[in-house]
Amino acid sequence: MTEPSEPSTLELDIDLPEVSADGQTYIEIFGANEHNLKNLTLKIPREKLTVITGISGSGKSSLAFDTIYAEGQRRYMESFSAYARSFMGEMKRPEVEKIDGLSPVISIEQKTTSRNPRSTVGTVTEIYDFFRLLFARAGDAFSYVTGERMIRQSEDQIINTIIEEYDGQAVMILAPVVKARKGHYREDFVNWRKWGYAKVRVDGEVQDIVPKMQLDRYKVHDIEIVIDRLKAKIEDRTRISQSVQTALKLGKGVLLLQYGDNKTRHFSKFLMCPTSGIAYDEPAPNNFSFNSPYGACQTCNGLGKIESIDEESVIPDKTLSISRGGLAPLGEYRDIWVFHQLTALVKRAGFNITTAIKDLPGNVLNEVLYGTMEPLTISSEKYGRDYDVKYDGLMTYMQKYFESGSDKVQDWVSEYTKTTVCPDCNGLRLKKESLHFKIDQKNIAELTMMDISELNTWLIGLETRISERQQIIGKEVLKEINRRIGFLVEIGLEYLSLNRTMQSLSGGEAQRIRLATQIGSQLVGVLYILDEPSIGLHQRDNKKLINALQNLRDIGNTVIVVEHDKDLMLAADHLIDIGPGAGRLGGHIVAEGTPKDVLKIQSETSDYLSGLKSIPIPAKRREGNGHSFHIKGATGHNLKNVDFVLPLGKMICVTGVSGSGKSSLIHETLYPILNHYFFRAKKEPLSYKSYEGLEHLDKVIEVDQSPIGRTPRSNPATYTGVFSDIRTLFTMLNESKIRGYKPGRFSFNVKGGRCEDCEGGGLKVIEMEFLPDVSVICETCKGKRYNRETLEVRYKGKSISDVLDMTVSQAVEFFEKHPSIYRKIKTLDSVGLGYVSLGQHATTLSGGEAQRVKLATELSKKDTGKTLYILDEPTTGLHFSDIQHLLDVLNKLVDKGNTVLIIEHNLDVIKVADHIIDMGPEGGIGGGQIVAQGTPEQIVKSGKGHTALYLKDELKPIKIKG
């Protein structure tokens, strides 16, 4: 007798939100202890805008993302069947007793920005998908040969045209079977003769099909089968109809009519140019996708750019000879085959390989690089005979290896490549056929290149400029495009274009794009958690962001934002301040309530919000060292012939609304010029006329927000190089010497000391078929990365894993007696990263944190006093008090004679700068000019641009808010 099975009913533990007397419902969190949180219990109002703030490292992200979002994700995963969950692994439950009233959670973080060059603003927002559909169904096709409108005709239309337009004329109906292809076609002629056809038209000449007929196989041919020869008359309609049907069947929908004095006309059931006869396939949405082989340019595979071997990189110094290493990939002369070939090549021309490359004639150098058809004679002393060999050229060899060599060889060749715009599609990514479908005289690529604001203008009144057929087909699609474009304009992204790659956006811009997509989805009852969406946003556009977040709230969603922006904090319905310190000194709720309530409670945040504390304006602005660097005529992207003067020895801020041209001028013009000059970097700057003043600088360092590593193996300790010193310290311990441990034993990247189950990662990645990959802690080492024997070696009671788990602030105290380690860790602490652990995975660092790790790495090196530092929004993720610490570090650099150039929107930084360069006046095509420059006081006095308006209030005496 079998045991009774368990009941099939599913017991659900449903936590209903608490309802207050006024009807307000809450998300209730009990006993949150994740990371540095100290047993937090709090209530967050549902369907309200809540801002969580506090100094960097106080526990904001631990509460918002590692507790609330993580629990929401875990509950979602548990909704799958036991069978599906068996493939996923267990998700760790956050250290929290209970969360009630939790809705489905969507997280919009900085670090989720796509690094794929195929991901663009258009694809992420799905606007490009709607445009693809629109062009496939309603686009007008034009010939890429003649520019004429392509036509398609039915069989009846073709028959009527032949009878009406060629009435009484002798015509020949032909079926095109071969178009511009090589071959002898012997078998085809035999088959056509068997089918009953007696004549063919070969390359414009009508011939009889005779036995053993064949063509020159190495020449390009056009062949049409002669289906019928007759006079076009209405009485012969049946005969003409049958001939047309046969010709279209054999010609696969295409027919050729010969009339008069060898004149021809093309007909097609598909899209065809009436003059040249070229035909297009029936358009489908994937014909307009650069991510599909049906639409992507075949030369660049839809990337718009190609990598090619750069001649200047191959021959960096033409004063050297081939034997002295003039050909950089080969190096100096060695007894290898390629040098024997080169010796024979230049010797044949009357030179030798000791001749300077600059003295070799152009034709000889061309043969060295690209090869020669004439065989080379190489004498072999070893075998006492001569060899005739072919030489293909150094560049040809390198290109071959770049396309099909091993990864190692490809990496070697890539050192000598440069990225250029694809010559076939000119950077437009699509096939030429796809680029000749138009709506209102614009192809799809032209629309994606427009700024959102310009595209919005083009869409207004489009219905009146297109045909009635296009209006009917495109009505619903255009409605959806207009709606989504409207959302992008509403959140201040009108300066972007749809073809802008996601990897080129700041963390804040990427978040706001995802925010626009979520608003467009019109979901209700969802909990959204955002991580500093104001990054990269000028004060003028803050109101747009706040309105977007409030719209998301008003349609019935709960919005939680981790933020340091003053305007956003004051606009919140509910404000939570976590602190009072960072790391182990944080994790408490210092204040919560409405912004007015929080202002009444004394805390670090409320002191800055109320004006009790502020970042002081310097009593005197620096004069600089009297030198400057000057770029003339910068015209890249939206820059309008900008003359840019950079005074040296000062702290300089480049300001302006989003899209005004700051990055184009600094990151894509100034930095590539200097980087190429000092370090021979290959990236080409945007177009400019000239520059001067390089002699006053000796180094340039760019500190941007790109990740410090793509995998969890990279962390602040490895990036700054301090981990090598720590490993060396552990090998000097007596226990290590007894066991014979070397530094490699304490590395989690090589076999020996690491946990082999997770290969030193501490995490295992579970690949999901239908969801993003999930990381779970390794069961063997419990996330410690190392095996038991390695962890037994301890310094001051701490294993190597314990050291990686320390926060930077703890490590500063722990390694105080070791100068080489202390210096690097102290620098991390000084840039406001005291709360970050030494071994924190690089993939979990925000853009601002990654930038400050890079900054600390550069600061720990010795400066020269003539260095230019370029920083892009270094205040990202920083509280008011942390900004003061960062400014102290940057001021020390400038005081030593260096120049610090900061692209920044934060007014606390802008007001303390020695010199401001304000770009604008607007974003996109409305920007690209220097509106004003000078000290903050001079900018305010000029009254030009949006920055002056907001800076004016910052320079006024502080009024304390009650």
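Note that the coordinates shown come from a computational prediction; the quantities given were computed from them, not determined experimentally. Both backbone and side-chain heavy atoms feed into the values below; hydrogens, waters and symmetry mates do not.
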Handout entry: Residue K699 excluded, over 12 heavy atoms near NZ under 6.0 Å
Key = yes
Practice task
Dump the intermediate steps for salt bridge (Lys or Arg N to Asp or Glu O under 4.0 Å) on K683 and E668, then the final yes or no.
Solution key: CA-CA 9 Å; K683 185 182 176 184; E668 298 187 61; 5.1 Å; no
Exercise for the section: Decide yes or no on side-chain hydrogen bond (donor to acceptor under 3.5 Å, both in side chains) for Y495 and E509, but give the supporting numbers first. Expected result: CA-CA 11 Å; Y495 60 90; E509 286 171 329; 2.5 Å; yes
Handout entry: Min side-chain heavy-atom separation E922-H946 under 4.5 Å
Key = yes
Exercise for the section: Have a look at T935 and tell me which of H915, K941, R621, K650 forms a side-chain contact (heavy atoms from CB on, under 4.5 Å) with it. Expected result: R621
Practice task
Output the distance between atom NE2 (H667) and atom CG (L670), rounded to the nearest 0.5 Å.
Solution key: 10.0 Å
Problem - Heavy-atom side-chain proximity of S606 to D577 below 4.5 angstrom - result: no
Practice task
State, with a plain yes or no, whether a side-chain heavy atom of V121 is found less than 4.5 Å away from one of L493.
Solution key: no
Exercise for the section: Would you give the length of the straight line joining atom OG1 of T655 to atom CD1 of I902, rounded to the nearest 0.5 angstrom? Expected result: 11.5 Å
Problem - Partner residues of Y822 under the ring pair (Phe, Tyr, Trp, His ring centres under 6.0 Å) criterion, sequence neighbours left out - result: none
Exercise for the section: Give a yes or no on this: more than 12 heavy atoms of other residues, nucleotides or ligands lie within 6.0 Å of atom NZ of K944. Expected result: no
Exercise for the section: Give a yes or no on whether H630 atom NE2 has more than 12 heavy-atom contacts from other residues, nucleotides or ligands under 6.0 Å away. Expected result: yes
Practice task
Answer whether the closest heavy-atom distance between the side chains of I910 and P936 falls below 4.5 Å.
Solution key: no
Exercise for the section: Measure the shortest side-chain to side-chain distance between E684 and H676 over non-hydrogen atoms and say whether it is less than 4.5 angstrom. Expected result: no
Exercise for the section: Please examine the side chains of L838 and V808, heavy atoms only from C-beta on, and report whether any two atoms are closer than 4.5 Å. Expected result: yes
Practice task
Indicate yes or no for a side-chain donor-acceptor contact from S658 to the backbone of G536 under 3.5 Å, with no hydrogens or angles considered.
Solution key: yes
Practice task
Consider only side-chain N and O atoms of S497 and N499, and report whether a donor and an acceptor are under 3.5 Å apart.
Solution key: yes
Handout entry: Which residues share a side chain to side chain donor-acceptor pair (under 3.5 Å) with Q884, sequence neighbours left out
Key = D888
Problem - Point-to-point distance, once rounded to the nearest 0.5 Å, from CG of L665 to NE2 of H637 - result: 12.0 Å
Exercise for the section: Kindly indicate, with the supporting measurements, whether the criterion salt bridge (Lys or Arg N to Asp or Glu O under 4.0 Å) is fulfilled by D895 and R622. Expected result: CA-CA 9 Å; D895 291 340; R622 296 181 188 87; 3.1 Å; yes
Exercise for the section: May I ask you to decide if the ring planes of Y950 and H538 are parallel, tilted or perpendicular, using 30° and 60° as cut-offs? Expected result: perpendicular
Handout entry: Pairwise salt bridge (Lys or Arg N to Asp or Glu O under 4.0 Å) hits with a residue in residues 830-846, at least two apart
Key = none
Completion exercise
When every non-hydrogen atom of P716 is compared with those of S837, the smallest separation belongs to CG-O, 3.9 Å
Handout entry: Distance (rounded to the nearest 0.5 Å) between T875 OG1 and D565 CG
Key = 10.0 Å
Taking only distance into account, with no hydrogens and no angle test, what donor-acceptor pairs under 3.5 Å do side-chain atoms of residues 824-831 form with protein atoms, sequence neighbours excluded?
residue	atom	partner	partner atom	Å
K824	NZ	D725	OD2	3.1
T827	OG1	R823	O	2.6
D829	OD1	S809	OG	3.3
S830	OG	T827	O	2.7

Handout entry: Contacts of Y671 that satisfy ring pair (Phe, Tyr, Trp, His ring centres under 6.0 Å) - sequence neighbours left out
Key = none
Practice task
Look at K866 together with D698 and state whether they make a salt bridge at an N to O cut-off of under 4.0 Å.
Solution key: no
Problem - Atom CD of E623 with >12 non-hydrogen neighbours under 6.0 angstrom - result: no
Handout entry: Reference residue L697; test side-chain contact (heavy atoms from CB on, under 4.5 Å); the match among T867, L648, L646
Key = L648
Practice task
Show your reasoning for whether side-chain hydrogen bond (donor to acceptor under 3.5 Å, both in side chains) applies to H879 and T605.
Solution key: CA-CA 8 Å; H879 187 263; T605 303; 2.9 Å; yes
Practice task
Report, as yes or no, whether the 6.0 Å neighbourhood of atom CD on Q602 holds more than 12 heavy atoms from other residues, nucleotides or ligands.
Solution key: no
Completion exercise
Of L575, I52, L568, L549, the one forming a side-chain contact (heavy atoms from CB on, under 4.5 Å) with E563 is L568
Practice task
Ignoring hydrogens and angles, tell me if any N or O in the side chain of T718 forms a donor-acceptor pair with the backbone of N715 under 3.5 Å.
Solution key: yes
Exercise for the section: Please work out whether the ring planes of H818 and F815 are parallel, tilted or perpendicular, with thresholds of 30° and 60°. Expected result: perpendicular
Exercise for the section: Count the heavy atoms of every other residue, nucleotide or ligand shown that sit under 6.0 Å from CD of E312, and state whether that count exceeds 12. Expected result: no
Exercise for the section: Indicate yes or no for a side-chain donor-acceptor contact from N638 to the backbone of G659 under 3.5 Å, with no hydrogens or angles considered. Expected result: yes
Problem - Within residues 638-665 or reaching into it, pairs that qualify as ring pair (Phe, Tyr, Trp, His ring centres under 6.0 Å) - sequence neighbours excluded - result: none
Handout entry: Check: S56 main-chain N/O paired with D882 side-chain donor or acceptor under 3.5 Å
Key = yes
Practice task
Answer yes or no: are there more than 12 heavy-atom neighbours, outside K640 itself, under 6.0 Å from its atom NZ?
Solution key: yes
Handout entry: Electrostatic pair E702-K854, nearest N-O below 4.0 angstrom
Key = no
Fill in the blank from the handout: Rounded to the nearest 0.5 angstrom, the CG-CG distance for L886 and L878 is 6.0 Å
Handout entry: Close side-chain approach of L951 and K911, heavy atoms under 4.5 Å
Key = yes
Handout entry: Heavy-atom side-chain contact between Q929 and P921 under 4.5 Å
Key = yes
Practice task
Starting from the C-alpha separation in whole Å, work towards a yes-or-no answer on salt bridge (Lys or Arg N to Asp or Glu O under 4.0 Å) for K60 and E532.
Solution key: CA-CA 11 Å; K60 305 181 298 298; E532 287 200 83; over 6 Å; no
Exercise for the section: Identify the heavy atoms of I615 and D908 that sit nearest to each other, and give their distance. Expected result: CD1-CB, 3.6 Å
Practice task
Supply the atom-to-atom distance E490 CD to L545 CG, rounded to the nearest 0.5 angstrom.
Solution key: 12.0 Å
